[in-house]
2 protein chains.
Amino acid sequence: MANIQQVAKQAGVSVATVSRVLNGQNTVSSKTRIKVEEAIHKLNYEPSMLGRNLRNSESRIILILIPTISNPFYLDIIKGIENIAISQNYNILLCETDSNPEKENIYFDLVRKKMADGIISMDPAVNVDTLKKLAENHAIIQCSEYGEDSGIPYVTIDNEEASYRAVKHLIKIGHSKIALMNSDEKYLYARQRKKGYQKALEEHGIAVKDEYIIHTQHLGFEYGQQAMKKILNIEDRPTAVFAVSDLLAIGALKEINSNGLHVPNDIAVVGFDKIDFSNMTNPTLTTIAQPMHKMGTIAAKMLIDQIKGEKVESIILDHELVIRESTSG
Amino acid sequence: MANIQQVAKQAGVSVATVSRVLNGQNTVSSKTRIKVEEAIHKLNYEPSMLGRNLRNSESRIILILIPTISNPFYLDIIKGIENIAISQNYNILLCETDSNPEKENIYFDLVRKKMADGIISMDPAVNVDTLKKLAENHAIIQCSEYGEDSGIPYVTIDNEEASYRAVKHLIKIGHSKIALMNSDEKYLYARQRKKGYQKALEEHGIAVKDEYIIHTQHLGFEYGQQAMKKILNIEDRPTAVFAVSDLLAIGALKEINSNGLHVPNDIAVVGFDKIDFSNMTNPTLTTIAQPMHKMGTIAAKMLIDQIKGEKVESIILDHELVIRESTSG
DNA sequence: TTGAAAGCGCTAACAA
DNA sequence: TTGTTAGCGCTTTCAA
């Protein structure tokens with residue numbers, strides 16, 4: 001493993017010149033450049049990021065904080081981030097927090113210790129206070145999820161509006177007994193989506209029944225199944241369910257089927273996220289599509305701008321209601 | 001952002017002493033230690049990994065190479081790797097190659113340039129020659145997929161045996177017209193699983209029919225649907241399908257259902273991988289469970305041993321046939 | 001157009 | 001038990 005010294009020696013130039021060639025500076029005569037390039041080739045030299053990073057006080061690593069990699073919702077966002085990152089010579093450290101403050105802190109330490117240049121947080125359970133403090137000295141962007149008045153830039157969709165449209169769709173096709181399968185309301189998006197649900201009902205003169213609103217601890221299949229069990233046991237059984245996540249909705253689908261009921265004839269189901277699986281179920285799932293890839297690219301661009309020291313503004317992106325079999329007999 | 005110099009000054013000691021405290025060496029008197037710790041606290045000091053890494057010629061970063069993050073098969077393996085890595089103070093760079101040599105090379109460069117200490121490769125499409133060359137100077141482990149005589153240590157399961165058991169199960173429950181939905185045979189695992197399929201058939205005196213063997217380009221859901229279309233069009237239609245991936249099997253399930261046929265009454269289906277979603281389908285999917293989490297932890301341990309300069313041996317782990325509704329009416 | 005030299009922040013060998 | 005100092009590999013300022 002040769003270093004820059006040896007290359008310089010081999011080429012008969014100074015290390016400064018080698019560095020100039022390495023960084024494509026045009027203050028090097030082509031004769032010297034060729035000598036250097038030959039030396040590099042001959043010694044099979046690869047510049048060390050370790051030295052460069054220390055010198056430049058940067059790591060060229062970006063942290064992505066997600067609660068779990070098991071939710072496919074994040075996949076496209078990550079791909080979006082990755083596209084931009086790679087094109088700008090950044091690398092991505094994918095960090096699963098399990099919504100656990102201790103694990104979270106391990107990753108925060110990475111930026112405190114300069115192992116990472118910035119963070120894109122997608123964890124709704126993130127400790128906003130810690131994040132705020134960190135944001136004083138480091139580049140941070142919130143993606144999809146955000147703390148209400150954290151002052152940290154975010155890119156997201158209008159959750160209330162999306163939820164409102166989903167429920168309105170159910171009302172339009174004739175439902176009035178609509179259950180909401182929500183996650184914990186400690187999360188902002190959960191509160192926003194509940195608002196949209198309420199707004200749609202109220203706008204159509206439908207009373208909001210507390211017993212129709214079920215909360216789940218996490219956004220997994222099994223939680224959707226469990227929640228659906230409860231819904232099926234409600235005396236005045238709902239004829240439609242709006243779940244705030246496709247994984248929940250798919251769990252609900254499964255539970256409804258297992259009970260010999262039919263979707264959408266007996267119960268219509270709407271999900272949220274448009275994950276790949278939502279098209280593989282039987283019936284396919286009506287859902288809200290977020291512009292995930294775009295959200296990722298924008299978040300990455302915002303973060304990199306921030307790392308460069310530029311000021312960035314929060315953005316709210318459009319969403320789309322995708323109507324499929326689970327709401328159309 | 002204070003550095004070690006300033007801490008030393010503040011504490012009235014040398015940088016060496018601060019470094020000793022930082023690294024928990026017990027050659028520091030508790031009086032001095034306390035002075036240093038106070039200084040650290042007062043200055044809000046965080047040691048820079050950049051300096052430490054350069055000095056120690058390490059990055060404490062491990063690369064995981066996967067073809068795509070969209071296949072949930074990798075999730076548990078990654079979690080296993082992560083567990084070990086974090087406990088040993090390593091971080092993980094998740095690298096999606098898209099089975100594209102150029103993208104692959106970007107990531108290989110990371111280890112060439114010391115930005116990463118080693119690689120766990122799970123990409124069946126990886127260029128084995130490049131990998132071999134890289135392995136001369138760097139720590140590399142192959143996980144799940146491996147080059148036959150690359151000389152690079154691997155951890156995997158016995159694919160032929162697993163496949164053999166899956167097909168034998170289908171034979172035992174009365175099938176003799178069994179299709180194989182395989183991926184491209186340029187992949188070793190595809191060849192091995194085909195062998196197991198053939199072995200099971202031959203052992204029971206069932207002729208292997210070429211037209212019953214369908215190849216797909218990728219392991220996505222849609223590819224399973226397409227392949228199933230072909231199988232349904234075979235004149236002497238198979239009564240069972242063994243797919244080498246759950247995603248393919250789920251696509252097959254969907255296609256069979258869409259054609260008004262019943263699983264398993266008309267056609268039985270077996271998958272491979274036991275991804276989470278394989279339990280959410282209707283019917284639930286019979287499949288081969290690989291010990292994914294364990295595979296991940298072992299791969300990580302092997303890699304870290306290798307980074308430390310130890311010699312490591314390849315390992316073959318057990319698998320399990322999980323019988324569910326798609327093969328039991 | 002090139003080189004000498006300082007320094008990024010840390011660890012560890014050696015000396016005291 | 002502590003301090004001095006060299007040096008990990010690189011970039012960049014300054015001078016030539």
Side-chain angles (χ1 to χ4, degrees), chain A residues 1-40 43-61 89 109-117 137, chain B residues 1-40 43-61 89 109-117 137:
Chain A
M1 297 282 104
N3 61 21
I4 200 171
Q5 305 271 3
Q6 296 167 290
V7 174
K9 196 171 170 189
Q10 170 75 30
V13 299
S14 73
V15 291
T17 301
V18 177
S19 175
R20 288 185 187 109
V21 172
L22 252 28
N23 293 287
Q25 278 166 357
N26 49 10
T27 63
V28 183
S29 78
S30 51
K31 223 192 317 177
T32 328
R33 158 163 289 117
I34 289 171
K35 272 197 300 182
V36 172
E37 279 162 354
E38 280 171 358
I40 289 176
L43 297 179
N44 217 336
Y45 168 72
E46 296 278 355
S48 159
M49 298 296 292
L50 262 28
R52 173 177 293 175
N53 287 350
L54 173 59
R55 171 63 218 223
N56 294 345
S57 309
E58 63 174 14
S59 63
R60 300 212 79 83
I61 285 181
N89 259 300
D109 261 352
L110 255 34
V111 27
R112 294 194 190 105
K113 299 190 175 171
K114 316 242 178 179
M115 187 76 244
D117 294 342
N137 295 304
Chain B
M1 297 281 103
N3 62 20
I4 200 172
Q5 305 272 3
Q6 296 167 292
V7 174
K9 196 170 166 190
Q10 169 76 31
V13 300
S14 74
V15 292
T17 301
V18 178
S19 176
R20 288 185 187 109
V21 173
L22 252 28
N23 293 288
Q25 278 166 0
N26 48 10
T27 64
V28 183
S29 77
S30 50
K31 221 193 318 178
T32 332
R33 159 163 287 116
I34 290 172
K35 270 197 300 183
V36 172
E37 279 163 355
E38 281 171 356
I40 288 175
L43 297 179
N44 219 335
Y45 167 71
E46 296 278 355
S48 158
M49 299 297 292
L50 262 27
R52 173 177 294 174
N53 287 350
L54 172 59
R55 173 61 219 225
N56 294 345
S57 307
E58 62 175 13
S59 63
R60 298 212 81 82
I61 285 180
N89 260 301
D109 261 352
L110 255 32
V111 29
R112 294 194 190 103
K113 298 191 175 170
K114 316 244 179 173
M115 187 77 242
D117 294 342
N137 295 305

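Numbered from 1 within each chain, the chains take letters A, B, ... in sequence-line order.
- Atom CG of B:Leu110 and atom CD of A:Glu46 lie 11.0 Å apart (nearest 0.5 Å).
- Tested against B:Ser48, the residues A:Met115, A:Lys114, A:Lys113 include a single side-chain contact (heavy atoms from CB on, under 4.5 Å) partner, A:Lys114.
- For DNA chain C, the outermost nucleotides in 5' to 3' order that have an atom under 4.0 Å from a heavy atom of chain A are C:dT1 to C:dG9.
- By the side-chain contact (heavy atoms from CB on, under 4.5 Å) test, A:Leu54 is found to be paired with B:Leu50, B:Leu54, residues two or more places apart in sequence or in another chain being considered.
- Listed by residue number, the members of residues 20-33 of chain B with any heavy atom below 4.0 angstrom from DNA chain C are B:Arg20, B:Asn23.
- Once you apply a 4.0 Å limit to the heavy atoms of chain A, the touched nucleotides of DNA chain D run 5' to 3' over D:dG9 to D:dT13.
- Terminal axes of the helix from C:dT1-D:dA16 to C:dA16-D:dT1 (five pairs each, C1' rotation axis) are separated by 40°, to the nearest 10°.
- No donor-acceptor contact under 3.5 angstrom links the side chains of A:Ser59 and A:Asn53, judged on distance only.
- A distance of 11.0 Å separates CE in B:Met1 from CG in B:Leu43, rounded to the nearest 0.5 Å.
- Looking at residues two or more places apart in sequence or on another chain, you find a side-chain contact (heavy atoms from CB on, under 4.5 Å) between B:Val15 and B:Ile4, B:Gln5, B:Ala8.
- Counting only distance, with no hydrogens or angles, the side chain of B:Glu38 and the backbone of B:Lys35 share no donor-acceptor pair below 3.5 Å.
- Judged as a side chain to side chain donor-acceptor pair (under 3.5 Å), and not counting sequence neighbours, the contacts of A:Asp109 are A:Arg112.
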Step by step, work out the side-chain contact (heavy atoms from CB on, under 4.5 Å) result for B:Asp117 and B:Ile61. CA-CA 6 Å; B:Asp117 294 342; B:Ile61 285 180; 5.9 Å; no
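- Nearest-nucleotide positions on DNA chain D for B:Gly12 and A:Ala2 put B:Gly12 closer to the 5' end.
- B:Ser57 is linked by a side-chain contact (heavy atoms from CB on, under 4.5 Å) to nothing, counting only residues two or more places apart in sequence or in another chain.
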Can you give each donor-acceptor pair under 3.5 Å made by side-chain atoms of residues 18-27 of chain A, sequence neighbours left out, with the distance rounded to 0.1 Å?
unit_1, atom_1, unit_2, atom_2, d
A:Ser19, OG, A:Asn23, ND2, 3.4
A:Asn23, ND2, A:Ser19, O, 2.8

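- With sequence neighbours left out, the side-chain contact (heavy atoms from CB on, under 4.5 Å) criterion links B:Ser30 to no other residue.
- Applying a 4.0 Å cut-off to non-hydrogen atoms, the residues of residues 44-59 of chain A that approach DNA chain C are A:Leu54, A:Arg55, listed by residue number.
- Screening residues 47-58 of chain A for salt bridge (charged side-chain N to carboxylate O under 4.0 Å, His left out), with sequence neighbours left out, gives A:Glu58-A:Arg60.
- Smallest separation of non-hydrogen atoms from A:Tyr45 and A:Val7: CG-CG2, 3.5 Å.
- Each of B:Ile4 and A:Val15 was matched to the nucleotide of DNA chain C holding its nearest heavy atom; the match closer to the 5' end belongs to A:Val15.
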